[in-house]
Trainee: 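One structure, pasted below without further comment.
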Amino acid sequence: MVYPGEGPNNVVNKDRRGELFYYMHQQLIARYNCDRFCNRLARVRPLTSLREALPEGYFPKIVRSFTNRAFPARPQNTILRDLNRIEEDVVLTINDIERWGSRIAESIDGGYVVAPGGNRIPLDEQTGIDVLGNIMEPSALSVNSLYYGNYHGHMHNLIAYSHDPENRFLEGYGVVGEFQTAMRDPAFYRLHAQVDNMFHRYKRTLQPYNSNQLGYAGVQIQSFGVQLNRANAPANVLLTYWQRSQINLSTGLDFGPEGNVFASFTHLQHAPFTYRFTVNNTSGAARRGTCRIFIAPKVDERNTPLTMDEQRLLMVELDKFRVNCMYSYRPDC
C-alpha cells in the first residue's frame, strides 16, 4: 500500500525504496529465526532449488472475503511446476526464474548491473543496495526488467499456484499470493531466506565499514543499560512471563443476538523496562542523531554460542528514535 510496485513515478520512486525492500524482509527473517531458536528449531532453510519437492504443506482454513472462497491448500511434498494461467497473465517457467536468479548473481559478483543498451550501472556502496532491491522485488524502477525479470514476485506465484498451475480446476492462488496472508505459510520464509541470501551475497562484495563511517565525531556513548520499571530491580535484567488474556471476537465475526464471544489464550509477556544511556557531546555544538537499538540471540537452537558474523544477520531492530545532544561544560545528554 505504501510502496506500490507500479504507478506514477512520484508514488513509486520513494527514497531508498529498494534498500527498504531488503531491510524489511531481512528483519522478518531475523525475527522468524530468533523465534525458531526459542522453539529449538534450526534456522529456516533457503529455497535454493525450485526442482525439489516442497516438504512444507499448508492448509490455511481461511476464507478470502473478496470472493467468499476458501484459500486453497498445498499438500506436503508438492512439486513446483511451470505456470500457464493465461486468464491471470501468469505464464512462466521454472527456467525463467532460474535464469533471472543467475543473471542477478552474476551481476552481483561482477559489481554492476546491465541497463538496456548494455550500459553498466555499478552496484557501489552508496546506491547499489537500492538498485539491487528494485531489481529483486521488482518494481517499475528496475533498471532492466526484460533482462532481470521478476525473480521475487514470480517465486511467490510459483508457490501460490502450485496446487493448480494450469488453472485446470479454476482454483485461485494460495495465501503466498496475497500480501495480507503470505506470512501464514511456512514456504514464505524459505522463499525470503533465499532472496535475503542474494542480498547478503552483494553485501559480502563491499568493504567493511571504517572507523569514520561508524563513528560520530565529538559524540561518544559512555554507557548503556536497561532497568525494569519497579523498585529495587537489578540492572540489566529483563523479565518475561506467561500471561493469560482474553480477546473480543466480535470485531471479526458476527455472533448475532447471542452477544459477544471472548477467546482466552496464553502468550508471552514482558515487564516494562527503560533504556538508560550516557552520551557525551564534546563537539562544541549541539548535535542530533538517531538511536537504533537491536536485540539478538546469543546461542542457537542447540545452545551453541553464535559468532558475531552469525549474530549480525539475526539482529532485530527493537526501537528507533531521535536524540538531541546539547553541548555544555559537563557534556552529558
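Just the heavy atoms: all of them, side chains too, but no hydrogens, waters or symmetry mates, feed the values below.
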Trainee: Let me see the working for Tyr202 and His200 under ring-ring contact (aromatic ring centres under 6.0 Å, His included), right down to the final yes or no.
Mentor: CA-CA 5 Å; Tyr202 161 70; His200 299 327; over 10 Å; no
Trainee: Using a 3.5 Å distance criterion without hydrogens, assess whether the side chain of Asn248 forms a donor-acceptor pair with backbone atoms of Phe262.
Mentor: no
Trainee: Can you list every pair that meets ring-ring contact (aromatic ring centres under 6.0 Å, His included) and has a residue in residues 161-186, with sequence neighbours left out?
Mentor: none
Trainee: In this structure, are over 12 heavy atoms from other groups packed under 6.0 Å from Tyr209 atom OH?
Mentor: no
Trainee: Gln227: what forms a side chain to side chain contact (heavy atoms under 4.5 Å, CB included) with it, not counting sequence neighbours?
Mentor: Ala233, Ala235, Arg276
Trainee: Which pairs, with at least one residue in residues 125-140 and sequence neighbours excluded, count as a salt bridge (Lys or Arg N to Asp or Glu O under 4.0 Å)?
Mentor: Arg17-Glu137
Trainee: Among side-chain atoms of His154 and Asn157, is any donor-acceptor pair under 3.5 angstrom?
Mentor: yes
Trainee: I'd like to know if the side chain of Glu52 reaches the main chain of Asn77, judged simply by a donor and an acceptor atom lying under 3.5 Å from each other, with no hydrogens or angles considered.
Mentor: no
Trainee: Is a side-chain donor-acceptor pair under 3.5 Å present for Ser162 with Arg74?
Mentor: no
Trainee: Give a yes-or-no answer on whether the side chains of His152 and His25 include a donor-acceptor pair shorter than 3.5 Å.
Mentor: no
Trainee: Could you check whether Ser142 and Asn134, counting side-chain N and O atoms only, form a donor-acceptor pair closer than 3.5 Å?
Mentor: no
Trainee: For the backbone of Lys320 and the side chain of Arg292, can you confirm whether one donor and one acceptor N or O come within less than 3.5 Å of each other?
Mentor: no
Trainee: Is the count of non-hydrogen atoms from other residues, nucleotides or ligands lying under 6.0 Å from Glu87 atom CD greater than 12?
Mentor: yes
Trainee: In terms of side-chain heavy atoms, does Thr307 have a donor or acceptor partner in Asp309 at a distance below 3.5 Å?
Mentor: no
Trainee: Closer than 4.0 angstrom, basic N to acidic O: yes or no for Asp164 and Arg168?
Mentor: no
Trainee: For Leu123 and Thr205, what are the C-alpha separation, side-chain angles and deciding distance, and is it a side chain to side chain contact (heavy atoms under 4.5 Å, CB included)?
Mentor: CA-CA 9 Å; Leu123 291 175; Thr205 69; over 6 Å; no
Trainee: Applying side chain to side chain contact (heavy atoms under 4.5 Å, CB included) to Phe188 and Ile159, what does each step give before you reach the verdict?
Mentor: CA-CA 9 Å; Phe188 169 89; Ile159 297 172; over 6 Å; no
Trainee: Between Ser139 and Tyr3, is there a side-chain donor-acceptor contact under 3.5 Å, judged purely by atom types and distance?
Mentor: no
Trainee: Go through the structure and list residues passing ring pair (Phe, Tyr, Trp, His ring centres under 6.0 Å) with His270, not counting sequence neighbours.
Mentor: Phe273
Trainee: Looking at Asp300 and Arg302, would you say the former's side chain and the latter's main chain have a donor-acceptor pair under 3.5 Å?
Mentor: yes
Trainee: Quick one: which residue pairs count as a salt bridge (Lys or Arg N to Asp or Glu O under 4.0 Å) with a foot in residues 223-237, not counting sequence neighbours?
Mentor: none
Trainee: How about Met183: does its CE atom have over 12 heavy atoms from other parts shown lying under 6.0 Å from it?
Mentor: no
Trainee: Set out, in order, the CA-CA distance, both residues' side-chain angles and the distance that settles side chain to side chain contact (heavy atoms under 4.5 Å, CB included) for Leu132 and Ile104, then state yes or no.
Mentor: CA-CA 8 Å; Leu132 182 59; Ile104 293 170; 3.9 Å; yes
Trainee: Should the pair Arg43-Glu301 be classified as a salt bridge under the 4.0 Å nitrogen-to-oxygen rule?
Mentor: no
Trainee: Show every ring-ring contact (aromatic ring centres under 6.0 Å, His included) that has at least one partner inside residues 218-248, sequence neighbours left out.
Mentor: Phe224-Phe277
Trainee: With the threshold set at 4.0 Å, does a side-chain nitrogen-carboxylate oxygen contact exist between Arg64 and Glu178?
Mentor: yes
Trainee: Say whether, by atom type as modelled, one donor and one acceptor occur between the side chain of Tyr216 and the main chain of Ile221 under 3.5 angstrom.
Mentor: no
Trainee: Has the side chain of Thr278 got a donor or acceptor atom that lies under 3.5 Å from a matching backbone atom of Gln222?
Mentor: no
Trainee: State the CZ-CG distance between Arg85 and Leu170, to the nearest 0.5 angstrom.
Mentor: 8.0 Å
Trainee: Within the side chain of Asn281, is there an N or O that forms a donor-acceptor pair under 3.5 Å with the backbone of Cys325?
Mentor: yes
Trainee: Count the heavy atoms of every other residue, nucleotide or ligand shown that sit under 6.0 Å from CG of Asn95, and state whether that count exceeds 12.
Mentor: yes
